[in-house]
There are 2 protein chains.
Amino acid sequence: MSETPRTRIQLENRRRIMEGALEVFSAEGFRGATLDQISAASGLSKPNLLYYFPSKEAIYTRLLTELLEIWLQPLEDMDPQGQPLEEVLRYVQRKLDMSRDMPRESRLFANEMLRGAPHISEVLAGRLRELVEARATLLSRWMQEGRLRQTPPDHLIISIWALTQHYADFDVQVRAVLGPDRDPYPEAAGYLTTLFRDLLTP
Amino acid sequence: MSETPRTRIQLENRRRIMEGALEVFSAEGFRGATLDQISAASGLSKPNLLYYFPSKEAIYTRLLTELLEIWLQPLEDMDPQGQPLEEVLRYVQRKLDMSRDMPRESRLFANEMLRGAPHISEVLAGRLRELVEARATLLSRWMQEGRLRQTPPDHLIISIWALTQHYADFDVQVRAVLGPDRDPYPEAAGYLTTLFRDLLTP
DNA sequence: GTCTATAAGCAGATAGAC
DNA sequence: GTCTATCTGCTTATAGAC
C-alpha cells in the first residue's frame, strides 16, 4: 500500500476501513476484533482489507496514530493568553463533549491503555509527556501568579482525563446507576464545572 | 463440577484457577485470554481446567461474581453514624488503596465495562444501583443537615470511582506522564483528599 | 483427578482468476 | 482492484487411557 494514495477510490476505501475498524476495535479490543467484523462494518471484502493494509495490526496502529492527533487537540489548544479558570473549565467541557460525541475513540484508547499501551508506549513517553509538561508549566505559572489555587498541575490534568473519559468508557455503569430516564451529560457538565471551580478558585 | 467442593485439593485447585484467571483475564480481556495462558498461570493442565469448570466463560463469570463482593465492600462499609466528611475521605482512600493493591481486579472490571458489561448487566441494574441509591440517600441527608456541601450525590460517587480507578486502569499513562522516578499513589492520595475536601466542606 | 491425543471450528493471511 | 477459494495455525472443548 502506497503512503500517498492517488485515486479518489483509494482514499474513500481507506476512510471506510478506518471507520469500520474504529467501530469494531473500540467495542471488542484488538484481540477480540476480527477481520470478518471489520469487513462487514466497512463494506469491503476481507482480502480487500489486506490489499489496503498489510495486516490486522497495521490497521489498528494506523487507526490509533490518526486519532491521537484529534484526541490531544483540546489540550494543545489551551491558550496561555486566556483567563486561567476559564481555560481550564473550557478544557473540561471540551473533553466531556468528546466523551459524549466520540465514545468509540475514548474506548479505543482505554482498551489500549488497559493492556499497557503496547502500540503507543513511545508516544506516551515522548510527545504526550512533553505536552503535559508544557501545560503543567503553564498551570504552575498561573498558580504562582495567584490566578489559580495551588494544586499539583499534572494530577490536575490526570483528574480531568479520568473524570471526563469515565462517562464514555463506563457509560453502561453510569447509566445503570443514574437510571434509564436521566441523561448523564448535562448533569456531568454541571457537576464537573462546580468541582473544578471549587478546587481552583484562589 | 459440584457446587460445594469437598476435598482440600478441590478447594486449592479452584483457588489456583481463580488466581491464574485473574492474572490472564485482567491483562488480556475475555476474548484475548486463552485457556493455555490460564493453564500456565495456574499450573493446571488445560483439560483439568475444564474438569473444574464447564467452559472458559464459566471461569470468567465465576471470577467476576466472586470479586464483585470484595469490590463493593468499601461502599457497603460507609458508616451512617460516622462524621460525613471523614467517611467520604476514608472511602476515597480505601478505593485508592484498592487501585494500588488490586490493580488486576480493577482492570478486570474495566474490561467488562468497556464491552458494555454483558456478563454483569443484571448486577449493575440491580444490586449496584440499589447500593448506590442507598448511599446517595445517606449523602443527601448529610447535605441537607449542612454537614456536607450540596452536590449531586450519585455523581459524587461516580467521580470517586473514576478518579481512584483511573490510577490502576491507566497506570501506564499516569507513570509516563509523571516520569519514571515518581510514585503516583502517595501523590494521588494527597491530591484527591484536597480535591474532595474543597468540594464538600460546607 | 489428571493426563495425552485429537476433534471441530475459527482466525489471519495468501493464491490466483477476473 | 476485487473477488472466490484455500492454506495454516490457533483455540475451545472432548475422548479415552491411566
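Naming: A, B, ... by sequence-line order, numbering from 1 per chain.
- In this structure, B/Leu44 atom CG and C/dC3 atom P are separated by 7 Å, rounded to whole Å.
- The nucleotide whose nearest atom lies closest to any side-chain atom of B/Gln10 is, among C/dA13, C/dT2, C/dG1, C/dG1.
- Rounded to an integer number of Å, the gap from CZ of B/Phe53 to C1' of C/dG1 is 15 Å.
- Between B/Leu11 atom CG and C/dG1 atom C1' the separation is 15 Å, expressed in whole Å.
- Atom CG of A/Asp36 is separated from atom P of D/dC10 by 19 Å (rounded to the nearest Å).
- Of the listed nucleotides (C/dA13, C/dC3, C/dG1), C/dA13 has the atom at the smallest distance from the side chain of A/Ser55.
- Judged by a 6.0 Å distance limit and a 45° cone about the ring axis, A/Lys56 is not positioned over the six-membered ring of A/Phe25.
- The distance from atom CD1 of B/Ile38 to atom P of D/dC10 is 18 Å, rounded to the nearest whole Å.
- When the C1' atom of C/dA13 is taken as reference, atom OH of A/Tyr52 falls 18 Å away, rounded to whole Å.
- Geometric assessment of A/Lys95 against the ring of A/Tyr167 yields a negative cation-pi assignment under the 6.0 Å and 45° thresholds.
- Nucleotide D/dT2 holds its C1' atom 10 Å from the CG atom of A/Asn13, rounded to whole Å.
- Using a distance-only test at 3.5 Å, with no hydrogens or angles considered, a donor-acceptor pair links the side chain of A/Arg135 to the main chain of A/Leu75.
- Here D/dT14 is the nucleotide among D/dT2, C/dA13, D/dT14 with the atom lying nearest to any side-chain atom of B/Leu50.
- Using a 4.0 Å cut-off between a side-chain N of Lys or Arg and a carboxylate O of Asp or Glu, B/Glu19 and B/Arg104 qualify as a salt bridge.
- Closest to the side chain of B/Ile9, from the set D/dT12, C/dT2, D/dT2, is C/dT2.
- Comparing D/dT12, C/dG1, C/dA11 by their closest approach to the side chain of B/Lys46 singles out D/dT12.
- Within the 4.0 Å cut-off from OP1 or OP2 of C/dA13, not a single side-chain nitrogen or oxygen of A/Tyr51 is found.
- Closest contact between the side chain of A/Pro47 and the listed nucleotides D/dT2, C/dC3, C/dA15 involves C/dA15.
- With distances taken from any side-chain atom of B/Asn48 to the nucleotides C/dA13, D/dC3, C/dG1, the minimum falls on C/dG1.
- Heavy atoms of A/Leu35 sit under 4.0 angstrom from primed sugar atoms or phosphate atoms, though from no base atom.
- Checking the phosphate oxygens (OP1, OP2) of C/dT2, no side-chain nitrogen or oxygen of B/Ser45 falls inside 4.0 Å.
- As rounded to whole Å, 15 Å separates atom C1' of D/dG1 from atom CZ of A/Arg14.
- Counting only heavy atoms from C-beta on, A/Lys56 has its side chain closest to C/dA13 among C/dA13, D/dA13, C/dG1.
- Across all strands shown, B/Ala33 has heavy atoms under 4.0 Å from sugar-phosphate atoms exclusively, and none from any base.
- If you check C/dT2, C/dA11, C/dC3 against the side chain of B/Arg31, the one that comes closest is C/dA11.
- Of all heavy-atom pairs spanning B/Leu85 and B/Phe196, the tightest one is CD1-O, 4.4 Å.
- A donor-acceptor pair under 3.5 Å links the side-chain atoms of A/Gln10 to the main chain of A/Thr7, judged by distance alone.
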